[in-house]
Amino acid sequence: MAEAKVLSGAGLRGQVAGQTALSTVGQSGAGLTYRGYDVRELAADAQFEEVAYLLLYGELPTKAQLAAYITKLSKLRDLPQALKEVLERIPADAHPMDVMRTGCSFLGNLEPEKDFSEQHDKTDRLLAAFPAIMTYWYRFSHEGKRIECVSDEQSIGGHFLHLLHGKKPSELHVKVMNVSLILYAEHEFNASTFTARVCASTLSDLYSCITAAIGSLRGPLHGGANEAAMEMIERFSSPEDAIKGTLGMLERKDKIMGFGHAIYKDSDPRNEVIKGWSKKLADEVGDKVLFPVSEAIDKTMWEQKKLFPNADFYHASAYHFMGIPTKLFTPIFVCSRLTGWAAHVYEQRANNRIIRPSAEYVGVEQRKFVPIEQR
Ligand SMILES: CC(=O)SCCNC(=O)CCNC(=O)[C@H](O)C(C)(C)COP(=O)(O)OP(=O)(O)OC[C@H]1O[C@@H](n2cnc3c(N)ncnc32)[C@H](O)[C@@H]1OP(=O)(O)O
Ligand SMILES: O=C([O-])CC(=O)C(=O)O
């Protein structure tokens with residue numbers, strides 16, 4: 001049984017802020033479970049759509065339920081013309097997380113959640129539409145192309161790759177996307193999910209909760225770390241160079257993106273899984289630099305600081321080997337984590353009290369107002 005991390009101090013660390021039946025993080029040897037299932041087993045044998053169903057609908061689907069769910073999602077992929085027009089107006093140098101935020105929010109104007117009874121349908125719509133929101137904007141703004149937003153790919157990961165590259169993805173790439181989307185799907189009260197729950201606790205609509213969560217995931221201390229990790233890895237030309245650079249960053253007290261975790265103590269169970277797939281992809285493309293550089297940073301961080309790679313670190317090289325532009329890394333996280341966010345919104349709504357903690361006041365003592373002429 002792994003020891004739980006000692007949790008205390010700022011950032012609400014270690015404080016129970018609510019209940020969930022969705023996942024456990026760092027509580028048992030398994031490390032991470034979704035509704036009781038070890039994430040490593042899900043990543044090895046399940047489809048992402050199965051995991052989405054598990055999180056959103058409560059149990060793993062039967063074969064018939066999964067087939068119906070995949071069909072439902074496939075039919076919801078296309079984007080309304082008005083949303084395409086909005087995406088076309090977003091400049092090429094915009095951050096794709098801002099594009100996701102706008103895309104989600106604008107769809108909420110076109111197809112609002114009028115009643116909480118629509119929550120599942122609205123989530124399924126977002127799940128189906130997110131890959132096209134990202135890639136329609138990307139390919140229009142970067143290549144001047146108005147792409148088709150539908151494809152005949154069964155899986156969400158395959159659909160995303162197809163739209164991005166304009167061709168059928170390889171089986172290996174579809175598999176890795178599937179694994180990646182499963183690994184990123186849910187993680188208890190992380191910052192973005194907590195954001196979604198706070199928003200839900202005011203009885204706001206689903207699009208607002210998800211838009212808020214996207215904003216929260218964007219930062220480099222959370223989902224943005226996979227992009228930041230890629231930018232760092234790319235700077236090094238060899239393992240020796242990487243060791244030297246990492247030691248320098250540690251000496252300057254820089255944060256090394258993709259390392260450490262608020263809850264896990266000595267490993268992130270998602271890391272070994274994505275690292276394995278990144279290695280397979282490295283072999284496929286004949287990489288002799290990025291993967292060895294990543295391993296050298298990994299080793300140095302452990303030796304120097306006992307800090308371990310989190311889910312984001314080897315995702316960077318894995319996505320890169322599949323030809324995914326770095327700026328799209330965190331939006332892929334959105335396509336996956338939407339499932340966890342929405343499931344938490346449902347949970348919050350089902351047993352709600354507005355989330356409103358207290359603050360310890362550290363300002364000046366009460367004092368008398370001084371009229372402006374006398375200041
Ligand atoms: C999917 C995800 O969102 S996973 C997280 C992705 N984020 C990153 O990879 C960003 C880099 N990592 C970090 O900034 C942090 O480890 C976080 C935000 C993930 C967790 O933060 P905390 O819970 O505050 O970390 P923790 O309490 O374990 O930090 C302990 C010490 O290690 C240091 N540390 C933690 N992570 C790192 C890092 N990546 N690089 C350098 N030092 C680090 C902290 O600065 C702290 O040092 P101090 O005691 O001298 O202040
Ligand atoms: O739990 C966290 O703080 C961050 C994280 O790993 C995730 O959201 O996947």
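Order of appearance sets the numbers: ligands from 1, and atoms from 1 within every ligand. Given the structure is predicted, the values throughout are model-derived calculations rather than measurements.
- Each of the following atoms of ligand 1 lies closer than 4.0 Å to a heavy atom of M257: 9 (O), 10 (C), 11 (C).
- Under the salt bridge (Lys or Arg N to Asp or Glu O under 4.0 Å) criterion, K279 pairs with D283, sequence neighbours left out.
- Neither the backbone nor the side chain of A229 has any atom closer than 4.0 Å to an atom of ligand 1 (non-hydrogen atoms only).
- Here F194 is tied into one hydrophobic group with L12, F189, V198, I355, each link being a pair of ILVMFWY side chains closer than 4.5 Å.
- E153 and S151 form no side-chain donor-acceptor contact under 3.5 Å, judged by distance and modelled atom types alone.
- Annotation for ligand 1: atoms under 4.0 Å from non-hydrogen atoms of A225 are 6 (C), 7 (N), 8 (C), 9 (O).
- At a 4.0 Å heavy-atom cut-off, ligand 1 touches N310 through the side chain alone.
- Within 4.0 Å of ligand 2, counting heavy atoms only, the contacting residues are H187, N190, H222, H261, R270, R337.
- A donor-acceptor contact shorter than 3.5 Å links the side chain of E347 to the backbone of A21.
- Ligand 1 lies less than 4.0 angstrom from a heavy atom belonging to P220.
- Considering every non-hydrogen atom in both D312 and G223, the closest pair reads OD2-O, 4.0 Å.
- The D254 neighbourhood of ligand 1 comprises atoms 41 (C), with distances under 4.0 Å to a heavy atom of that residue.
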Worksheet entry | Candidate pair T193 and R337, rule side-chain contact (heavy atoms from CB on, under 4.5 Å), full reasoning | CA-CA 9 Å; T193 302; R337 184 57 60 87; 4.2 Å; yes
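- A ring-centre distance under 6.0 Å is not found for F259 and F308.
- Taking every non-hydrogen atom of G258 and a distance limit under 4.0 Å, the qualifying atoms of ligand 1 come out as 8 (C), 9 (O).
- Through side-chain heavy atoms spaced under 4.5 Å, either directly or across other Ile, Leu, Val, Met, Phe, Trp or Tyr residues, L203 is tied to F116.
- No side-chain donor from either of T246 and T300 sits under 3.5 Å from a side-chain acceptor of the other.
- Annotation: H187 is in aromatic contact with Y264 [ring centroid separation under 6.0 Å].
- Backbone and side-chain nitrogen or oxygen atoms of L221 are examined, and one is located within less than 3.5 angstrom of a nitrogen or oxygen of ligand 1.
- At least one heavy atom of R13 sits less than 4.0 Å from an atom of ligand 1.
- Considering F259, F313, F333, F308 only, the shortest heavy-atom separation from atom 11 (C) of ligand 1 involves F259.
- When ring centroids are compared, H120 and Y57 come within the 6.0 Å threshold.
- Of the options N310, T326, I274, T330, a side-chain contact (heavy atoms from CB on, under 4.5 Å) to N226 is made by T330 and by none of the others.
- Here Y184 has no heavy atoms under 4.0 Å from ligand 1, in either its backbone or its side chain.
- Side chains of T211 and S105: no donor on one and acceptor on the other come within 3.5 Å.
- Taking every heavy atom of G260 and a limit of under 4.0 angstrom, the matching atoms of ligand 1 come to 16 (O), 19 (C).
- Close approach of ligand 1 to I256 (heavy-atom distance below 4.0 Å) involves ligand atoms 11 (C), 38 (C), 39 (N), 40 (N), 41 (C).
- Counting heavy atoms closer than 4.0 Å to ligand 1, residue D268 contributes nothing at all.
- Residue contacts with ligand 1, taken as heavy atom pairs separated by less than 4.0 Å, involve D312 solely via side-chain atoms from C-beta onward.
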